[in-house]
Amino acid sequence: MRIIVQKFGGTSVASPEVRELVLRKIEKARSQGYSPVVVVSAMGRQGAPYATDTLIGVAKTANKNIAAHELDQIMYCGEMISAVVMAGTLQAAGMDAVMLTGGHAGIITDTNFTDARILKVDPTRINSLLKQGKVPVVCGFQGMTTEYEFTTLGRGGSDTTASALGAALNAELVEIYTDVDGIMTADPRIVDNPKILECISYGEVCQLAHQGAKVIHPRAVEIAMQKNIPLVVKSTFTDAAGTLITNIAKEDPDGAEVIDRVATGVTYLTNIVQIKVHLDDSMGGDASFKVFKTMADNGISVDLINIHPGQIMFTINAEHAEQASMKLRQQGYEIAVLENCAKVSVVGGGMREVPGVMASFIEALSSNRIVILQTVDSHTSISVLVPRSDVGAAVQALHEKFGLSN
Ligand code: ADP
Ligand code: ASP
Ligand code: MG
């Protein structure tokens, strides 16, 4: 049996008209000899009645800090509604479609409500439906604990469902259908002229996704990579070929990846706060260790870390800023907090050891009078912290400088 997983995002299932387009994509896969497993997200984006953000809003009218366990029970509903509607649409077209929750589809998770990790996938039920010629329509984003509690897989987690099912079913291909023609060199919402990437390696797309390109969930890529299952990101609304994600990077004799582009894309993350901690000799040798230990003990992840004699700089997500400042001040640290920052990154598997990459990066920003608050680099990315108000200009400037514009 040739299994294909076809995942349709929120905008792809938002109205009867677009659900007809989904139907055609499924019919096409069947006509090509595939047995499709369909995965759906909640219908529409913020403002739509059953979108995930709308459901979160409903819960938060009762309590802004409602517990993650309860939040999951309402977030779960969006995909339930969507999968019922999609299964009904397929049935109306004569397909033997069967709606399955994440738990029914065999997705077992830990108990980390709202951001649960998949522990295992038991594909028995889906395999049996496929053998009977049925079309499983699975709720994305959902899992179930071993105690039969509902969980969700983190925002954007329907991609993870698709990939995990693809891996468990040994699918030939996982298709991620969305509202853009593929993975682009930058978010088309903030850059005028991005290019579509025809193919990209698992490693590169993971980097792009972790650094903010929300077009695919990084965990979905990691799971597909483990089993070498090809992923294609493509549009529900067009017939464009989309972006193929595979292990395209070849190994050279020295073991280094060969990719002929220096930069693959430019990404951004907003809602970032920079914290500067002043250190002096009276604090003892382990003062910097204690700063990071305090963050770790409070479950706050840190990024963009620079350690200098007398000062530590790092960034955190804005939602943790109040707690982090309070804890550090309680311990006697003198700190400066800068709110409303954004992290902009140029990502590229080919940038290692290429001279002048950092110089180009700085030139692009300074010639546009963008203030650089902090930088950090690795073999495959350079990131900079800028004021949030400059994020659009910074992404556009870097996109042009690295020759990514169409
Ligand atoms: P879905 O609901 O289909 O999962 P998402 O909103 O999660 O859709 O992802 C698609 C969106 O990702 C696009 O509308 C686009 O604005 C955004 N995006 C961000 N970065 C990129 C990028 N590098 N390439 C393509 N799309 C991107
Ligand atoms: N509906 C969920 C969300 O909005 C999952 C997804 O769309 O992938 O985060
Ligand atoms: Mg998504």
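Numbers here simply count residues along the sequence, with the first being 1. Remember, it's 1-based here, ligands and their atoms both numbered in the order they're listed.
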Atom 13 (C) of ligand 1 has as its nearest protein heavy atom D179 OD1, 3.5 Å

Nearest non-hydrogen protein atom to atom 27 (C) of ligand 1, with distance, is V215 CB, 3.6 Å

Quick look: V180 vs ligand 1, heavy-atom contacts under 4.0 Å, and the answer is side chain

Smallest heavy-atom separation, Q211 atom then S345 atom, equals OE1-OG, 3.5 Å

If you scan protein heavy atoms around atom 25 (C) of ligand 1, the nearest is G182 O, 3.5 Å

State if G78 counts as touching ligand 2 under the rule of any non-hydrogen atom under 4.0 Å.
no

Note: ligand 2 atoms sitting under 4.0 Å from heavy atoms of T52 are 1 (N), 2 (C), 3 (C), 4 (O)

Any heavy atom of M75 under 4.0 Å from ligand 2? The part involved is neither

Taking the six-membered ring for Trp and the single ring otherwise, decide whether the centroids of F314 and F292 are under 6.0 Å apart.
-> yes

of all protein heavy atoms, closest to atom 7 (O) of ligand 2 is S41 OG, 3.2 Å

Among non-hydrogen protein atoms, atom 4 (O) of ligand 2 lies closest to R155 NH2, 2.9 Å

Out of R189, M184, K7, the nearest non-hydrogen contact to atom 4 (O) of ligand 1 is supplied by K7

Does G157 come within less than 4.0 Å of ligand 2, judged by its heavy atoms?
yes

If you scan protein heavy atoms around atom 6 (O) of ligand 1, the nearest is R45 NH2, 2.7 Å

Under 4.0 Å between heavy atoms, the region of A186 that gets near ligand 1 turns out to be backbone

For ligand 1 and T178, I'd like to know whether there is a polar contact (N/O to N/O, distance under 3.5 Å).
yes

The closest protein heavy-atom partner of atom 21 (C) of ligand 1 is D187 CA, 3.7 Å

Residue, atom and distance of the protein heavy atom nearest atom 7 (O) of ligand 1 read K214 O, 3.6 Å

Numbered in order shown, the ligand 2 atoms found under 4.0 Å of a heavy atom of E79 are 1 (N), 2 (C), 5 (C)

